[in-house]
Amino acid sequence: MKLTLDKSLSLVALGVIGVLHSAQAAPVYEISNLADLMDESESAPKGTLPGTLYGYGMSLNDNGQMLGTSKGKRKLSSTDVENDRINIEDGLTEAEKITYSVNKPIVANNFTFNAAANAPEGAWLPTFESINGTTDPSDTSVVNSVDTIFYGINQAGVKVGVMTAPQKTLPYTGSNADQEFWYYRDYEERGFVKATDGTLVPIIPPYTQYIKGDNVAEIGGVSGTSAINASNLITGYAGTDIVQNSKDRIDNCFASDATLPVDICIQSDQFPDSNSYRYVQYQTRAFVWQLNEDNSVTPTQLPLGLTPDVGSTAIYTAQGLGVNLEGSVAGRSHVYRNGDTKNLRLDAGYWSKDAEGKYVFKAIPMTDDDQYSIAYDINDNGIIVGTYNRYIEGFRRDKFFYYDTKAADAKVITPDDFAVGLSDLTSVPTDINNKFQVVGYIETSYARDGLPRPQAGFLFDKNSEEFSNLNDLMTCEAKGFVKSGTDGDGYPTWSRKKVNVSDGSGKALSYNSDLLVVEAKSINEAGDITGTVFVRKPVYQKDSDGNLVLDSNNQPLFELNGNGEPVTAYTPRMVVMQSDGSTVTDEWKKQNNCVDKVEEVPYKRSGAGMFTWLFALPVLWLRRRKLNLS
């Protein structure tokens, strides 16, 4: 069964019947970087960059190249609150927080890396890649001020992402006795393209300068690149103006009674405040950029999904998130839903060229029950994957849908996940290939206690309508099990691999290994997948700068709980999953019948640091919850 959205549908009638699917035709996956993930050397952690906390797989092409992003030494504080609803149990300490202020040096928290199947450094081993002057996070002699994130790589190896400018300073003139400088940047969000020859091409937005009379302010503007196709056509977004309230704020920076230098005053309004609000707000539009042979880019602004009223001061947003080979773009835009000018929504849609070669926006039809919707990707066959948000069983949930842009009677289709009908499990697709395979993440618990639910990566095959938890498609060895014997029918029995480690003080720690794929981010044409896996690891002590506390022999020390016992944590790391072509069968299930009572830990996404637009995208920043060793 699959659900076609229609205004006449009754959610109550559909229910959430818990009938589990069986994925008889699904491929069997191995974790290709399993040995690295199971390496217990915290001084050189695998699946992320040394010197960073967390690693995330972001994009994977057909030539064995992948991109990732590592989160740095500390956790962000201001924007985490906005999208993460920090729980007290999360245990953030002051030493683990980063705040942004014109009174403090700017500390970068996000770093880019690449990995490859045949890399000389080792297969799928994260290797730092500098963007806009960033230095390797393992070099503790340098403090980076540039945040960078990779989002996409095409078959030729051209990369796209988002970066900030490096820190600049002005002599301090305020009343803080020990402060020497003000701190600011030329811009906070700028897309980039990195060509195959290594050239970094910044995506300059149309609006970077505020001018009023004799007053001129360089405010940097915003832009971002989210995807690139095989012909080097890039999509993303850019700011085309700022709204009137923002102009008023900047005017105040030029006032005779202003107490801050103009650049510092403007920067303070572009940093998020304690409530995660930014006072400089941009009109944002979807764009495509063609990367030319000389590494220049040719921009094309895509039309908004509506025509604003004359004199309107409202903020209107459109973003391109995915692009296919023919240049059609999936994303979202403000629209008047179903032509009703009293029903302004931010909805999924796509841009394609008309007979004259001009881009036209087409909204994907949504019902009155849907609060908003997003289209994340589009394949070369015109199939879009996205989410709509609505109340299900009394709670707001995001639900995965697909939509055929080539069909004459196209409808929004919600496939069954782990139930027949519309379950209340949040599900978000992140990528679709040309074999109609979709990956993403889905909640795995029906608990309604208001806490973050556990989640897992999924694989959906549109051809067979099979929806699978990726963890159910992995061999037992890939999930941290070892054979412990055989049962009465001759099939293997399994137990968790026991890990025994000691720290620099000689304190011993023993725990059961386990891995859980919590998000699939990218799938190539071979069906290979990259994303994020939770790996259980010891927790080591860190100092106020986020560096490991080492003993006299330069060995790290375990972090201890209130009883003086070492603790472990489920740590997010980059993962690459590949199939040898075999499929899940009843016999395979008997051979890989490894189940135990492993605690499910919520994988909670949080804000994306400095990049304000990324709340629309699925992953990035995780939180570490410490677990007492039982």
Practice item. Could I get the full list of ring-ring contact (aromatic ring centres under 6.0 Å, His included) partners for Phe436, not counting sequence neighbours? Key: none

Check your understanding: What pairs with Asn232 under side-chain contact (heavy atoms from CB on, under 4.5 Å), at least two apart in sequence or on another chain?
Key -> Asn154, Val158, Ile228, Gln290, Leu291

Practice item. Check whether any side-chain N or O of Thr571 sits under 3.5 Å from a backbone N or O of Lys537 as a donor-acceptor pair, and report yes or no. Key: no

Study note, to complete from the structure: Residue set satisfying side-chain hydrogen bond (donor to acceptor under 3.5 Å, both in side chains) with Asn295, at least two apart, ordered chain then number -> Asp197, Thr199

Exercise for review: List the steps, then state whether side-chain hydrogen bond (donor to acceptor under 3.5 Å, both in side chains) holds for Ser522 with Thr530.
Suggested key: CA-CA 5 Å; Ser522 176; Thr530 190; over 6 Å; no

Check your understanding: Do Glu189 and Ser223 meet the criterion of a side-chain donor-acceptor pair at a distance under 3.5 Å?
Key -> no

Practice item. Apply salt bridge (Lys or Arg N to Asp or Glu O under 4.0 Å) to Lys435 and Asp461, showing your working. Key: CA-CA 8 Å; Lys435 295 180 179 178; Asp461 188 329; over 6 Å; no

Review point. Among all residues two or more places apart in sequence or in another chain, which pass the side-chain contact (heavy atoms from CB on, under 4.5 Å) test with Ala286?
Key: Leu302, Ala318, Trp351

Practice item. Using the test salt bridge (Lys or Arg N to Asp or Glu O under 4.0 Å), find all partners of Asp431 that sit at least two apart in sequence or belong to another chain. Key: none

Check your understanding: Should we say atom CD of Glu293 is surrounded by more than 12 heavy atoms from elsewhere, each under 6.0 Å from it?
Key -> no

Exercise for review: With sequence neighbours left out, write down each residue that passes salt bridge (Lys or Arg N to Asp or Glu O under 4.0 Å) with Lys168, or none if nothing qualifies.
Suggested key: Asp186

Check your understanding: Just by distance, with hydrogens left out, do Thr164 and Arg185 show a side-chain donor and acceptor under 3.5 Å apart?
Key -> yes

Review point. Considering residues at least two apart in sequence or located in another chain, which fulfil the salt bridge (Lys or Arg N to Asp or Glu O under 4.0 Å) criterion with Asp269?
Key: Arg249

Practice item. For Lys479, enumerate each residue passing the side-chain hydrogen bond (donor to acceptor under 3.5 Å, both in side chains) test, keeping only those at least two apart in sequence or located in another chain. Key: none

Check your understanding: Would a line drawn from the ring center of Phe458 to the ring center of Tyr441 be shorter than 6.0 Å?
Key -> no

Practice item. Check whether any side-chain N or O of Thr235 sits under 3.5 Å from a backbone N or O of Gly322 as a donor-acceptor pair, and report yes or no. Key: no

**Study point:** Listed partners of Tyr372 passing side-chain hydrogen bond (donor to acceptor under 3.5 Å, both in side chains), at least two apart
**Key:** Asn389

Study note, to complete from the structure: Across all chains, not counting sequence neighbours, the side-chain contact (heavy atoms from CB on, under 4.5 Å) partners of Ala117 are Trp124

Check your understanding: Could you give all pairs that pass the salt bridge (Lys or Arg N to Asp or Glu O under 4.0 Å) test and reach residues 148-160, with sequence neighbours left out?
Key -> Glu129-Lys159

Exercise for review: Compute whether any side-chain donor of one residue and acceptor of the other, for Thr135 and Asn144, lie under 3.5 angstrom apart.
Suggested key: yes

Check your understanding: Do the rings of Tyr100 and Phe271 sit parallel, tilted or perpendicular, given the 30° and 60° boundaries?
Key -> tilted

Point to revise | Those residues that, when tested against Gln155, pass side-chain hydrogen bond (donor to acceptor under 3.5 Å, both in side chains) (two or more places apart) | key: Asp62

**Study point:** Any donor-acceptor pair under 3.5 Å from Asp380 side chain to Leu325 backbone
**Key:** yes

